[in-house]
Amino acid sequence: MPSPTRSRLPAIPIALWFSVLFIYHQHTLQIPVWLNWFMITVGIVFVINSLDSLIRLYSANLGWSRDRLGDRGYYPLHFLLQLGLVGAYFFTPFEIQWVGLIVVAIYAAVYGLIFLRQRKLGALTQEIGT
């Protein structure tokens, strides 16, 4: 299991990348063609890396490990899963900003419930700890 610090590290360059894009967009700055292609390439690598991380995480939880499936089953399965996710995004009215909004709403609801039930959670964790 990766450490929490290790799993947050890829978020730092992604945040910087989107911050630069936002600044360029806000100020309507012209980007040279070569830099535009470089930024597109970096974006594609980030998307592939994110999909790969998600697929590996869920497949590990489902027990679809490389040891269990072997190379001949593991790699084609993960390739098809990644292709399927990209296809689902490309061929459906899937809007990434709505997914982000839903994720933020879920986080807000969870933190709100934790705040509202802080005493019950504290008592529960003390019971489990003893």
Side-chain angles (χ1 to χ4, degrees):
M1 182 66 94
S3 71
T5 306
R6 187 170 168 220
S7 63
R8 278 188 239 138
L9 285 179
I12 295 169
I14 291 172
L16 291 173
W17 184 71
F18 279 111
S19 298
V20 169
L21 286 180
F22 180 75
I23 290 167
Y24 271 80
H25 174 74
Q26 283 295 102
H27 297 291
T28 59
L29 298 172
Q30 286 294 324
I31 302 172
V33 175
W34 68 270
L35 185 58
N36 196 22
W37 280 106
F38 179 73
M39 291 174 78
I40 289 170
T41 303
V42 169
I44 290 169
V45 169
F46 279 147
V47 168
I48 290 171
N49 184 40
S50 297
L51 286 175
D52 180 57
S53 296
L54 284 172
I55 291 169
R56 280 188 290 121
L57 176 68
Y58 286 114
S59 65
N61 288 334
L62 292 170
W64 298 344
S65 67
R66 190 171 151 209
D67 293 335
R68 184 169 171 236
L69 298 176
D71 287 347
R72 295 184 126 196
Y74 180 81
Y75 290 114
L77 173 67
H78 282 76
F79 176 78
L80 291 173
L81 288 170
Q82 202 165 62
L83 189 65
L85 283 173
V86 170
Y89 176 74
F90 188 72
F91 294 114
T92 61
F94 184 68
E95 298 285 335
I96 196 68
Q97 61 268 26
W98 292 110
V99 173
L101 181 65
I102 291 168
V103 168
V104 168
I106 290 171
Y107 271 105
V110 167
Y111 283 121
L113 286 171
I114 289 172
F115 180 74
L116 289 174
R117 300 196 172 129
Q118 198 169 12
R119 287 190 184 141
K120 288 181 183 178
L121 287 172
L124 182 64
T125 54
Q126 285 180 352
E127 278 182 33
I128 293 172
T130 56

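- Linking Ile, Leu, Val, Met, Phe, Trp and Tyr whenever their side-chain heavy atoms come within less than 4.5 Å puts Tyr24 and Trp34 in one cluster.
- Summarising the geometry, atom CG belonging to Leu21 is positioned 11.0 Å from atom CG belonging to Leu16; distances are rounded to the nearest 0.5 Å.
- In the hydrophobic cluster analysis, where Ile, Leu, Val, Met, Phe, Trp and Tyr join through side-chain heavy atoms closer than 4.5 angstrom, Phe46 is grouped together with Ile31.
- Leu62 and Leu80 sit in two unconnected hydrophobic clusters of ILVMFWY residues. Membership requires side-chain heavy atoms under 4.5 Å apart, directly or through other members.
- Under a hydrophobic clustering in which Ile, Leu, Val, Met, Phe, Trp and Tyr are joined whenever their side-chain heavy atoms come within less than 4.5 Å, directly or via other members, Val20 and Leu35 fall into the same cluster.
- For the atom pair Arg56 CZ and Arg66 CZ, the distance stands at 12.0 Å (nearest 0.5 Å).
- Looking at every heavy atom in both residues, Asp52 comes nearest to Gln82 through N-NE2, 3.3 Å.
- In this structure, Leu101 CG and Ile106 CD1 are separated by 10.0 Å, a value rounded to the nearest 0.5 Å.
- Cluster annotation: Trp98 is not connected to Val104 through the hydrophobic network of ILVMFWY side chains, with a link wherever side-chain heavy atoms come within less than 4.5 Å.
- Leu85 has its side chain out of reach of Leu54: every pair of non-hydrogen atoms, C-beta onward, lies at least 4.5 Å apart.
- Note that the CZ atom of Phe22 and the NE2 atom of His25 stand 7.0 Å from one another [nearest 0.5 Å].
- Looking at every heavy atom in both residues, Leu69 comes nearest to Leu77 through CD1-CD2, 3.8 Å.
- Between Tyr74 and His78, the ring-plane angle classifies as tilted under the 30° and 60° cut-offs.
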